[in-house]
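Worth saying up front: this structure is predicted, and the values here are computed from it rather than measured. Letters A, B, ... are given to chains in the order of the sequence lines, protein chains preceding strands, and every chain is numbered from 1.
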2 protein chains.
Amino acid sequence: MRNILDRIGDKWTMLVLMALAVEPRRFGMLMRVVPDISKRMLTQTLRLLERDGLITRHVFATTPPSVEYRLSPLGCSVLEPLHALAQWAEANFASITFARARYDDGLGRTDP
Amino acid sequence: MRNILDRIGDKWTMLVLMALAVEPRRFGMLMRVVPDISKRMLTQTLRLLERDGLITRHVFATTPPSVEYRLSPLGCSVLEPLHALAQWAEANFASITFARARYDDGLGRTDP
DNA sequence: CGGAATCCCAGTTGATACTG
DNA sequence: CAGTATCAACTGGGATTCCG
């Protein structure tokens, strides 16, 4: 079970899942949409997600070849808890930023 | 915002938060409860959580000294989305394990 | 275009020892 | 007990290169 959360909690996994939540996307498009991900990491992330059955891979024998990735039903089902977390992060962004700033000013230990 | 999710998605953060969700705990107790965490990593994780205002640190001037950590209101509020994710992981553990096994047997690409 | 293989550095982590 | 300090080891991931 730790394995599963580790995969979801991975640096890129959430971002890729979010990107695929919008619509199915091709490899190159994912590269453009997910900020700062390298080709290597994108490939790896996609493989692991495919392995876990969260996404499916569809090859089109065009020239040049194109590969489309889309969320499986299982992949869709994880979006709910994921969005809940993202919403929490957004809602508490200010509080956390403030807490960090205060802590970094050395005032963390003095009770407010 | 990526910063926040990165912190939550960290390997140990979730486990520590879950452990503190049960009840406030002292350092040594956390070491025992969180599997395989090293003293070093526990210290670091606690510092970062304290910095973000998710937990509070209470020192008791006993001999030997004891330090108790507990969730702040902000820390409590993150438990809901976190549990949602944990529940998802538990509910789909079997499916994912099965998907992995099939993929590792080289049957991942042949449509079912 | 999509992806595999190789190289290689930088940052993370674990072990160990020391302190208040 | 609850850390801090130091160093070695490991690993992730970027850059690069090549292939179908």
Within the 4.0 Å heavy-atom criterion, would you say Glu68(B) contacts the bases, only the backbone, or no part of the nucleic acid? nothing
Classify Phe60(B) by what it touches in the nucleic acid, base, sugar-phosphate, or nothing, heavy-atom distance under 4.0 Å.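 No contact.
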I need the [atom1]-[atom2] distance between [X] and [N], as an integer number of Å.
X: Ile37(A); N: dG3(C); atom1: CD1; atom2: P; value: 12 Å
X: Asp10(A); N: dG13(D); atom1: CG; atom2: P; value: 7 Å
X: Arg25(B); N: dA2(D); atom1: CZ; atom2: P; value: 13 Å
X: Lys11(B); N: dT11(D); atom1: NZ; atom2: C1'; value: 12 Å
X: Asp6(A); N: dT12(C); atom1: CG; atom2: P; value: 17 Å
X: Tyr69(A); N: dG2(C); atom1: OH; atom2: P; value: 8 Å
X: Leu42(A); N: dA15(D); atom1: CG; atom2: C1'; value: 16 Å
X: Met31(A); N: dG14(D); atom1: CE; atom2: P; value: 10 Å

Given [options], identify the nucleotide with an atom nearest to the side chain of [X].
X: Met41(A); options: dG3(C), dG14(D), dT13(C); result: dG14(D)
X: Arg26(A); options: dC7(C), dA2(D), dC1(C); result: dC1(C)
X: Arg47(B); options: dC1(C), dG3(D), dG3(C); result: dG3(D)
X: Arg40(A); options: dC7(C), dA2(D), dA4(C); result: dC7(C)
X: Pro65(A); options: dG13(D), dC1(C), dG3(D); result: dC1(C)
X: Ser38(A); options: dG2(C), dG14(D), dA15(C); result: dG14(D)

Quick check on the helix from dC1(C)-dG20(D) to dG20(C)-dC1(D): what's the angle between its two end axes, five base pairs per end, to the nearest 10°?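 For the helix from dC1(C)-dG20(D) to dG20(C)-dC1(D), the axes at either end differ by 40°.
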Report yes or no: do Val67(B) and Leu20(B) belong to one cluster of Ile/Leu/Val/Met/Phe/Trp/Tyr joined by side chain heavy-atom distances under 4.5 Å?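 They do share one cluster, since a chain of ILVMFWY contacts under 4.5 Å joins Val67(B) to Leu20(B).
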Do Val34(B) and Met41(B) sit in the same hydrophobic cluster, where Ile, Leu, Val, Met, Phe, Trp and Tyr count as joined when their side-chain heavy atoms come under 4.5 Å apart?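 In one cluster with Val34(B): Met41(B), yes.
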Taking all non-hydrogen atoms of both residues, which atom of Leu30(B) and which atom of Ala19(B) are closest, and how far apart?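 Answer, listing the atom of Leu30(B) first, then Ala19(B): CD2-CB, 3.9 Å.
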Are Asp104(B) and Arg51(A) ion-paired here, with the side-chain N under 4.0 Å from a carboxylate O?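 Result for this pair is yes, salt bridge flagged.
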Any side-chain heavy atom of [X] sitting closer than 4.5 Å to one from [Y]?
X: Asn3(B); Y: Phe93(A); result: no
X: Ile8(A); Y: Leu82(A); result: yes
X: Val22(A); Y: Val33(A); result: no
X: Phe27(B); Y: Thr43(B); result: yes

Are any of Gln44(B)'s side-chain N or O atoms less than 4.0 Å away from OP1 or OP2 of dT13(C)?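 It does, given that an N or O in the side chain of Gln44(B) lies less than 4.0 Å from OP1 or OP2 of dT13(C).
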Ignoring hydrogens and angles, are the base of dG14(C) and the side chain of Lys39(B) linked by a donor-acceptor pair under 3.5 Å?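 Looking at the base of dG14(C), it does not pair with any donor or acceptor on the side chain of Lys39(B) (distance under 3.5 Å).
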